[in-house]
Amino acid sequence: MNTQQAETALAEELRRIAPDVDVAGIDRDGDLREEFDIDSMDFLNLVTALNKRLGIPIPEPDYSRFDTYGGAVAYLIEKAP
Amino acid sequence: MGEFRMPSLGADMEAGKLVEWLVKPGTPIKRGDIIAVVETQKGAIEIEVFEDGMFERPLVELGAKVPVGSPLALITGKGEAAVAQAPPPAPEPKPAPAVEAVAPPAPVAALAVPAAVPPVAAGERVRVSPAARKLAAETGLVLSEIVGTGPSGEITLADVETRAAEAPAGPPATSAPAAAAPAEGTMSGMRAAIAAAMARSKREIPHYYLAHTVDLSAAEAFVTKHNEGREPTDRLLLGALFVKAVSRAAKKYHEFNGHFVEGEFKPSAAVHVGMAVNIRATGLVAPAIHDSDALELDPLMASMRDLITRVRAGRFRASELSDGTITVSSLGERGVDALYGIIYPPQVAIVGFGTPAWRAWAADGMVGPRRVVSMTLAGDHRVSDGHRGALFLKAIEDLLSKPETL
């Protein structure tokens, strides 16, 4: 998976959860959950959606890799099958 | 042969759009079944039927805009006569609990009287308290459409507030053209509903507050272990343990579980935790999870997930908005230390959880880092005292310290 594909997957799934937030306008190094105002249930839904879409298990110990948008993209590229 | 009619989902509703039948012709149905989905200005609401019988056939096409009180379908009853009658006029205007707090969609009481017949005939004199008259004028409510619950049937301030909460979207539709565009500064429907319920709560309910800090080590370790190697769809959130622990404790400490109606507390045998759910850019609702004390953690988590998903998509059942017996409000992972709730009338307690945090904690003669959460109780002093409230919070703490027993 290249950067573009990872970006697209993450942006689309985040848009589903937070349609009111413009992905282009967020701070890629800011706190992802605060940038998108998502709670624990939203985050679990995001992980579930990315897991289904990309086949990456995303175990709980890896949640911290999603602390920022940029970090999440890097994680998805690294773990893609 | 009975008619299933378009229910009134608030005084400002003139018509609703039928978007889905959930039963086929010839299907037996029983009271409480959800048989249709109706779209209103406030979202899609699932509509329950109030009689047993058989779904005979629809009378209108999908997509049709149907006036309130007009027939939607024919229902064959067990006893024909019984079915043809309108449901009994809401016996006691059930002061729909969470609904008021939250509810664009209408409470069960409104549903039970589909045709929304004005309770007072034209010309008959309506007795109205001055405060009620003032509020009705301010909120644009028509007094003749409000059921009075005062000692002699007069309309009280609380009646108007209840009605305002049911019909939050400003002026009633009957005052037509002006209602089309909300004036600047007009509150949104949900915000107005929250305002009415919370103002009533703070005016009527003598709240007392207790706070307690709870060590979450055991609960978090339990969740981590449970989730290890599981697909994301099967994972638990700490919030499910909070809901379960409160439910179990509320079952035992019954003075925190139920409704305060008509001057007295009516404890509920069942525990239906209302879960405060934030809706992006809109407000807050607290729909109930039925029998939350009896659900195992996995099905409870699934129910919470389902409910939150539906609520955020603007689709939930009228009964879910009215059945809560106690509320749990949790700030989740990205919040502040503590939350002091306001009770949703007619409930009598709300338990708040702040954001879990690392703190220096002394235990067994040692100081070390522990994950802790601040837990609060707002209780109704008409029903319980701080002494019992403290025992109630300690019971929740005890359950959270033994998560394997939840």
Side-chain angles (χ1 to χ4, degrees), chain A residues 1 6 9-23 25-69 71-72 75-76 78-81, chain B residues 216 219-243 275-285 287 289 298 300-314 328-336 339 353-356 373:
Chain A
M1 185 161 52
L10 184 61
E12 284 183 6
E13 296 307 335
L14 277 167
R15 198 172 297 122
R16 247 186 262 279
I17 292 164
D20 51 325
V21 178
D22 179 11
V23 176
I26 60 129
D27 175 1
R28 296 173 60 96
D29 300 319
D31 186 311
L32 177 89
R33 297 186 222 192
E34 284 173 11
E35 289 291 326
F36 287 88
D37 188 15
I38 57 182
D39 63 17
S40 318
M41 190 65 85
D42 288 330
F43 185 74
L44 182 55
N45 286 333
L46 175 68
V47 167
T48 305
L50 290 170
N51 167 252
K52 283 192 177 142
R53 178 168 175 154
L54 305 172
I56 304 172
I58 319 181
E60 275 193 341
D62 289 355
Y63 283 4
S64 61
R65 301 284 303 272
F66 287 76
D67 282 351
T68 66
Y69 186 89
Y75 175 81
L76 295 177
E78 177 191 321
K79 298 290 180 182
Chain B
L216 285 178
E220 288 204 326
F222 177 85
V223 171
T224 301
K225 186 153 181 294
H226 179 280
N227 290 349
E228 220 171 61
R230 289 197 189 219
E231 296 285 308
T233 42
D234 299 330
R235 290 178 197 164
L236 278 180
L237 288 175
L238 189 61
L241 275 63
F242 291 165
V243 168
M275 190 172 49
V277 180
N278 176 52
I279 303 180
R280 302 182 76 84
T282 307
L284 182 71
V285 292
I289 298 174
D298 284 316
L300 175 63
M301 178 67 199
S303 297
M304 289 170 62
R305 213 171 168 161
D306 168 62
L307 191 56
I308 292 175
T309 304
R310 283 190 291 114
V311 163
R312 289 189 172 151
V328 171
S329 188
S330 170
L331 284 176
E333 290 171 34
R334 292 290 194 278
V336 291
L339 173 161
F353 289 92
T355 296
V373 71

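Protein chains get the first letters and strands the later ones, always in sequence-line order, with residue 1 at the start of each.
- Comparing B:Arg280, B:Arg312, B:Glu333 by heavy-atom pairs within less than 4.5 Å of chain A, the highest count is held by B:Arg280.
- Residue with the most contacts toward chain A among B:Leu331, B:Asn278, B:Thr233: B:Thr233 (heavy-atom pairs, distance under 4.5 Å).
- Heavy atoms of B:Glu231 lying under 4.5 Å from chain A belong exclusively to its side chain.
- Contacts between A:Ala49 and chain B at a heavy-atom distance below 4.5 Å are absent for every atom of the residue.
- Listed here is the closest heavy atom pair of A:Thr48 and B:Pro232: OG1-CB, 3.4 Å.
- With B:Arg334 as reference, A:Asp31 is the one residue of A:Asp31, A:Asp37, A:Asp39 to meet the side chain to side chain donor-acceptor pair (under 3.5 Å) rule.
- How far CE of B:Met301 is from CE of A:Met41: 4.0 Å, rounded to the nearest 0.5 Å.
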